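Worksheet: one structure, shown below.
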Amino acid sequence: MSKAKATATKPSKFQGHAEGDLIALATSALLEITQAHTYRIPPTVIRGEGIATVTFASAERGYPGWFWTINLSDVEGIAPTVLELQLLPGDKALVAPEWVPWADRMEEYLLHEKEVSEAAAASADDDDDDEDDDDFDDDVDGIDIDQLDIELDPAPLEVPDEPTDAFDHVEFDEADPLDP
C-alpha cells in the first residue's frame with residue numbers, strides 16, 4: 001500500500017489532524033471494501049467543522065465520472081474515525097434514469113390495452129351484422145351449430161338415420177373374441 005499525497009486540497013479555516021493521517025485512514029478504509037486498482041491517487045481532501053471528506057476518482061471502466069468518497073471525523077484531540085464510505089456519481093457520471101413508480105409506468109400500458117379492447121368491441125359490433133348473413137351447413141353429428149349459437153333447443157334437430165362413421169357397420173366373418 002502506497003501513501004498518497006493530497007494535491008487538490010481546498011484551504012479551510014478548520015484544522016484538525018494532518019492531511020496525511022486522514023488520507024492514510026481513508027485509504028485503509030477503502031481497501032477494506034475494494035481493491036487498489038479501483039481508484040486513482042491522489043485524492044482530494046475537503047475539510048469542514050469536525051469532518052473531513054477524502055475523495056478518490058474511480059478507475060473502474062464501468063464507472064467513469066464516479067468518486068469514492070470517505071467522510072472522516074476530524075476533531076482535534078480525538079482520533080479520526082471513518083463515518084461513511086460510498087461510491088458517488090459526479091457531474092459527468094453515467095447514471096440510471098430517474099425512478100418511476102410501477103403504477104405510473106403501467107398507466108400508459110393500461111390505457112393502450114383499454115383502447116385496443118374498445119376497438120375490438122366496436123369491430124365485433126360491426127361484424128355481428130355480417131355473421132347473421134352467413135348460413136353455412138354446420139351440421140356435425142346431426143347438430144346444427146348455428147342453432148346452438150342462438151340458444152335454440154337442440155332436441156328437435158335432425159339426427160341422421162344413417163351412421164356416418166365408417167366403423168359403425170363393421171361385420172366380422174368370425175365371432176368377435178372380445179364380444180362374448
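Treat the numbers as computed from the prediction; the structure is a model and nothing was measured.
Checking side-chain atoms of Asp74 against main-chain N and O of Gly48 turns up no donor-acceptor pair under 3.5 Å. Judged by distance alone, with hydrogens and angles left aside, the side-chain atoms of Ser123 form no donor-acceptor pair with the main-chain N or O of Ala119 at under 3.5 Å.
Taking both residues in full, the closest heavy atoms of Ala79 and Ser73 are given as O-OG, 4.0 Å, listed atom of the first, atom of the second, then distance. Of all the heavy atoms in Phe56 and Pro43, the pair that sits closest is CE2-CB, 3.5 Å. Closest heavy-atom contact between Tyr39 and Thr34: CD2-CG2, 4.5 Å. Between Trp68 and Thr38 the shortest heavy-atom distance is NE1-O, 3.3 Å. Residues Pro80 and His17 share a closest heavy-atom pair of CD-NE2, 3.4 Å. Among all heavy-atom pairs drawn from Ala26 and Leu72, the shortest one is CB-CD1, 4.2 Å.
Residue Gln86 qualifies as enclosed at atom CD: its count of foreign heavy atoms under 6.0 Å is above 12.
By the 4.5 Å heavy-atom criterion applied to side chains, Pro97 and Trp99 are not counted as neighbours.
Taking Ile, Leu, Val, Met, Phe, Trp and Tyr as hydrophobic and joining them when side-chain heavy atoms fall under 4.5 Å apart, one finds Ile51 in a cluster with Leu83. By the 4.5 Å side-chain criterion applied to Ile, Leu, Val, Met, Phe, Trp and Tyr, Leu111 is assigned to no cluster and stands alone.
Under a hydrophobic clustering in which Ile, Leu, Val, Met, Phe, Trp and Tyr are joined whenever their side-chain heavy atoms come within less than 4.5 Å, directly or via other members, Leu85 and Tyr63 fall into the same cluster. Both Leu87 and Ile70 belong to a common hydrophobic cluster when Ile, Leu, Val, Met, Phe, Trp and Tyr are linked at side-chain heavy-atom distances under 4.5 angstrom. In the hydrophobic clustering of this structure, Val45 does not group with Leu88; members are Ile, Leu, Val, Met, Phe, Trp, Tyr whose side-chain heavy atoms approach within less than 4.5 Å, directly or through other members. Criterion: ILVMFWY side-chain heavy atoms under 4.5 Å apart, direct or through other members. Under it, Ile33 and Trp66 are part of a common hydrophobic cluster.
Every residue two or more places apart in sequence or in another chain was checked for a ring-ring contact (aromatic ring centres under 6.0 Å, His included) with Phe67, and none qualifies. Here Thr53 pairs with Asn71 under the side-chain hydrogen bond (donor to acceptor under 3.5 Å, both in side chains) rule; sequence neighbours left out. Here Gln35 pairs with His37 under the side-chain hydrogen bond (donor to acceptor under 3.5 Å, both in side chains) rule; sequence neighbours left out.
Residues Thr44 and Thr55 have side chains that never bring a donor and an acceptor to within less than 3.5 angstrom of each other.
For residues 104-113, there are no side-chain hydrogen bond (donor to acceptor under 3.5 Å, both in side chains) pairs, not counting sequence neighbours.
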